[in-house]
S.K.: 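Sharing a structure here in structure tokens format.
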Amino acid sequence: MHDMRFTLPGQDLNREPFALKPPDFQKKCEVMITDRGYKCRLTNIVTISSQEKLFLLRIINPQERELFNFRPGQFLMLEVPGYGEAPISISSDNSNHEFIEICIRKAGHVTSAMFEAKQGAVVSIRGPFGTAFPMEAMEGSNVLLVAGGLGIAPVRAPLYWIGNHRDRYKNVYLLYGAKEPSQLLFSYQFEEWKKVSKVELMTIVENPDASWAGRTGMITELFNDFSFDAKKTFAIVCGPPVMFKFVCNYLDGKGIPMNRMFVSLERRMHCGMGKCCRCMVGSTFTCLDGPVFDYWSVMNLKEAI
Amino acid sequence: MNHLGFKIDKVKIASFDFTCCEGCQLQLANKESTLPAFLGLLDIRNFREISSERYDDYDIALIEGSITRSDEIERLKAIRAQAKVLVAFGSCACFGGVNSLKNKIPGEEAVRGVYGDKTVQTMPSTKISDIVPVDLMIPGCPVSKAEVERIIVGVVTRAPNNLPKYPVCVDCKQKLNTCLFDLGEVCLGPVTKAGCDAVCPTGKTVCLGCRGPADDMNFPSFIQIVKEKGLSLDEMHEKLAFYNGFADFLDHES
Amino acid sequence: MIYKVISKTEFRKFIDALVKHNTAYGPRAVDTGKDGKPIYQFMPVTSADEIDFDYTVTHSSAKHLFLPYRDELSRFRFNDEDWEQEVRYEAPPLILIGLRPCDINAINILDEVMLHGPYPSPYYLARRKNTFIIGMDHLPLPDCFCKSMNRHTVNHGFNLFCSDIGDKYYLSINSSKAYTFLKEFMLEEPSYEDNCLLIERRKTIKQSFTTNIEVTGLPVFLDIEFDSPIWQKWGDKCLSCGSCAMVCPTCYCYSVEERFDVDLKGSSRQNHLYSCNLIDFAQVAGGHNFRPRNGDRLKYRYYHHYRGFAANDNQQICVGCNRCGRACLADINPKDVINDLRLERESCMICVSPSPDRT
Ligand SMILES: Cc1cc2nc3c(=O)[nH]c(=O)nc-3n(C[C@H](O)[C@H](O)[C@H](O)COP(=O)(O)OP(=O)(O)OC[C@H]3O[C@@H](n4cnc5c(N)ncnc54)[C@H](O)[C@@H]3O)c2cc1C
Ligand code: SF4
Ligand code: SF4
Ligand code: SF4
Ligand code: SF4
Ligand code: SF4
Ligand code: FES
């Protein structure tokens, strides 16, 4: 009797060394590392408010460090061994290959574990994932950056980009609002953004305290303070959904075309690769077709806001 | 252990039983391959089933059983004052449990039925959270060893574990069980919180809801289904009342 | 594809030899329902006698053999401040007997989703490549509607497909592996008569469908009806129990959890098949739930199945097996929901006056 046990080509697959093959995120390929991250060391941890910390990550393997290229607006999946994964926006300068910065608010398992982690701890990242802000398309125009609360984290990446290529953009405005003065993050960088990156920075808080001398109210108040040429302006809006709805509607009224306003959506994510379906908005995956969407698409997505 | 740069310490734990069968505590002491590792996480300060030592400097208190006597209330409040994390352990502690069956008959009658003419002080069987705030619930009759381990590991590693929010049917279907409704029985799986791996339907007995209601479960639709399938509503009510987990829904209904 | 015929007795011998030497799954009666009819599931089999070749349909699909309900994605081992990650894509060879055309089509759809996107799943690929699939046709049950979805025939995605032509099976051999195995057995070239019988069989099957659902234009329709009150009506019945998704051959979404080992020396990252019907599917950190009501979630399942997602070219992923309808205690099934939706629209069209005159 013939031996009926069989091995299909797939068997060889199990023997293929997956270990250090760099993932090719652009090209379709048959097999890739979908579940192995890049090991990173937390080289620095800065407490920037009572709820948020800034982490500096350095990919340990130099080869992988070189391979990790992202564009402003993309996110990564942060793995804290034992605790799980969470999608986090990349909040740093994409020309800096040495360090990746992420800003985290304590919200659940993974984020709390990050709050406990000490300098030198080893975590891992997968990615980068998702769409980016179209920085090239914005060249030659004004750029209006609007950030509410933790929305400043994803906005820092395009800010750095603009700082690196300042001559390509006309006027750049950063409107930044928070609930309380103490929740205005990265205040230590305000001067740098104003002086070095030549960004017109305007801040506002909802509930001022005794020390606050600036503007008070909702972020849309700031639009009364200056005027800009809506026809020649792109907008990047990051913050809670209610905020970007207000802001985008306002800007729409001002005359910025909807496809020149970009927002970053937030959804539950378990894979980052278009498999788990947790991040669906309407018929679209936030992890593949987002998180950056133009406002026209957002308006046309079911359940987006 | 020193993971991610922060030390993971043993937790100081104590266990207290009120009115119950102690089955849940025994479940913990059951000899299994993970027992040594599990005990390794704990600094046992007071735990009758596992150790004879008694100390009062615990951080985590497991409360087993329901409250049926007024002196138990004082004891419970004292424990609450000491414990940083108070865990309602088992269905009796979480919902009142099987003990609640006696709530349906007047107190004196119950006493006479059990103790004859002796005078025994009693009160309706009460769940822990009616008396003191509860931090974590581990429902089950008895509790599932795997879930207890998961939750205690969560406490130790400071990553609090949530119970599943969905109903037992999910796990039951994943075990490829034949649905007991298809065999003409009333099963409480669709309204009961998962986490037990659907042990009862897997063993071909209906779920009696020992883990209490699933989050936002659809009670009106469930009753409708039982009616439409021509199954007995009385039987359904009896099952829902068994562990007292559905008391809020039943009160609402009447 | 090579076509042959084989007598049923010889076919049993072939299956017997195959399952004796390999891990195999086939349809078996596991219970008898209230109505006296057997309930089937794909179960491990070790001899041809254990297989119910003339089964009707299995209660659950065979998807969990490709996408296990719970699967370890990777493992971490801690050593003081550092750790190592271990990822394994191992899949033992498996033989799967008796899949219906809709079941094979469902696997083809899963291939599309799992392998053809920008991030192919190696876990799925390993299992898919190591599975030998033997399909079998059958007469539809009264509630099967795969013909409406155009999934009642299949021409790829299997190694061997058997059409029942009386006391013989008409074999479509779709892999050299299958052909090599079959060489050991008595096969015949299909005669003119066999060919006629095959065509006759296909015709009978096609004409036996009694449930039909109108799905043309459904994707647009679902977009338009996104806010229809129909969803709340059905949502009020829905138990949010996920049974429909668990038995469905094409529901694939999952949840990822990571757990420490009890000895704290490592941890395991696992995925767990989930369902968009479950309460916390779209809940984000901070507690906000993007689909808080039963109706929102139920709608979502229909949206995924009959509108399709951008990732797989907006294809409808339902194959029309009606397993979800049979498993649902609340009697929610695609036929009734879709008809209800269409009815609502049509009655609405009647009462809406034609576009106002331009003045
Ligand atoms: C594209 C994108 C970019 C993002 N960028 C950032 C960023 O730059 N910075 C940032 O801080 N966040 C960011 N987020 C949000 C971040 O992903 C979430 O805060 C994070 O996933 C929370 O993960 P966790 O493991 O800490 O929470 P989990 O524990 O996984 O919590 C997840 C869910 O469980 C619930 N939950 C958690 N704990 C409990 C509990 N104890 N009891 C009951 N329910 C609970 C939560 O409500 C939530 O629904 C981003 C999200 C997306 C999608
Ligand atoms: S047996 Fe019970 S738990 Fe299992 S599917 Fe049926 S109703 Fe749900
Ligand atoms: S199946 Fe129901 S009764 Fe049985 S252990 Fe689970 S929750 Fe309790
Ligand atoms: S449709 Fe039916 S099977 Fe699906 S979740 Fe709702 S009640 Fe459960
Ligand atoms: S329909 Fe729902 S349950 Fe099924 S795969 Fe899609 S998201 Fe998951
Ligand atoms: S949605 Fe229902 S009918 Fe369609 S494939 Fe899934 S189980 Fe079958
Ligand atoms: S995160 Fe899994 S599909 Fe988008």
Side-chain angles (χ1 to χ4, degrees), chain A residues 37-47 50-51 53-60 76-88 99-100 102-126 267-270 276-278 280 303, chain B residues 1-13 33-34 36-43 59-60 84-87 134-138 144-167 169-171 173-174 193-195 214-217:
Chain A
Y38 298 134
K39 258 192 188 185
C40 294
R41 196 174 294 286
L42 300 180
T43 46
N44 202 357
I45 302 173
V46 190
T47 305
S50 55
Q51 291 171 54
K53 281 188 183 182
L54 180 73
F55 297 85
L56 247 69
L57 311 183
R58 185 172 165 82
I59 299 176
I60 294 171
L76 48 79
M77 291 296 277
L78 172 71
E79 159 78 39
V80 184
Y83 296 88
E85 277 189 317
I88 301 291
F99 298 101
I100 300 162
I102 54 176
C103 174
I104 292 180
R105 173 175 292 174
K106 191 168 170 168
H109 282 187
V110 181
T111 46
S112 306
M114 281 299 276
F115 265 61
E116 300 258 0
K118 298 283 176 299
Q119 192 171 335
V122 182
V123 296
S124 100
I125 57 174
R126 290 192 292 133
R267 282 296 181 281
R268 189 156 185 171
M269 291 185 178
H270 281 213
C276 73
C277 300
R278 302 304 283 267
M280 299 298 307
E303 317 179 312
Chain B
M1 191 189 109
N2 189 5
H3 179 51
L4 300 168
F6 63 90
K7 243 179 108 62
I8 293 179
D9 298 317
K10 289 185 176 198
V11 288
K12 290 184 178 164
I13 196 167
S33 56
T34 47
F38 182 65
L39 293 178
L41 304 172
L42 309 176
D43 176 1
D59 292 330
I60 297 182
K84 289 191 186 128
V85 181
L86 187 132
V87 186
V134 165
D135 302 305
L136 284 174
M137 294 226 281
I138 310 183
S144 132
K145 178 85 189 282
E147 187 168 67
V148 175
E149 282 177 356
R150 208 152 61 225
I151 288 177
I152 297 293
V153 166
V155 171
V156 172
T157 57
R158 286 173 263 181
N161 247 297
N162 304 318
L163 301 175
K165 294 191 162 85
Y166 52 79
C169 293
V170 176
D171 292 339
K173 285 284 180 254
Q174 298 195 345
K193 206 181 234 319
D215 286 34
D216 205 25
M217 58 85 159

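Every chain is numbered from 1, with letters handed out A, B, ... down the list of sequences.
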S.K.: Residues two or more places apart in sequence or in another chain: which of them pass ring-ring contact (aromatic ring centres under 6.0 Å, His included) with A/Phe55?
M.R.: none
S.K.: In residues 110-119 of chain A, which residues are in contact with chain B at a heavy-atom separation under 4.5 Å?
M.R.: A/Ala113, A/Glu116, A/Ala117, A/Lys118
S.K.: Any idea which heavy atoms bring A/Val122 and B/Leu4 closest together, and the distance?
M.R.: O-CD2, 3.6 Å
S.K.: Please report the shortest heavy-atom distance between A/Tyr83 and B/Thr157, naming the atom on each side.
M.R.: OH-O, 2.7 Å
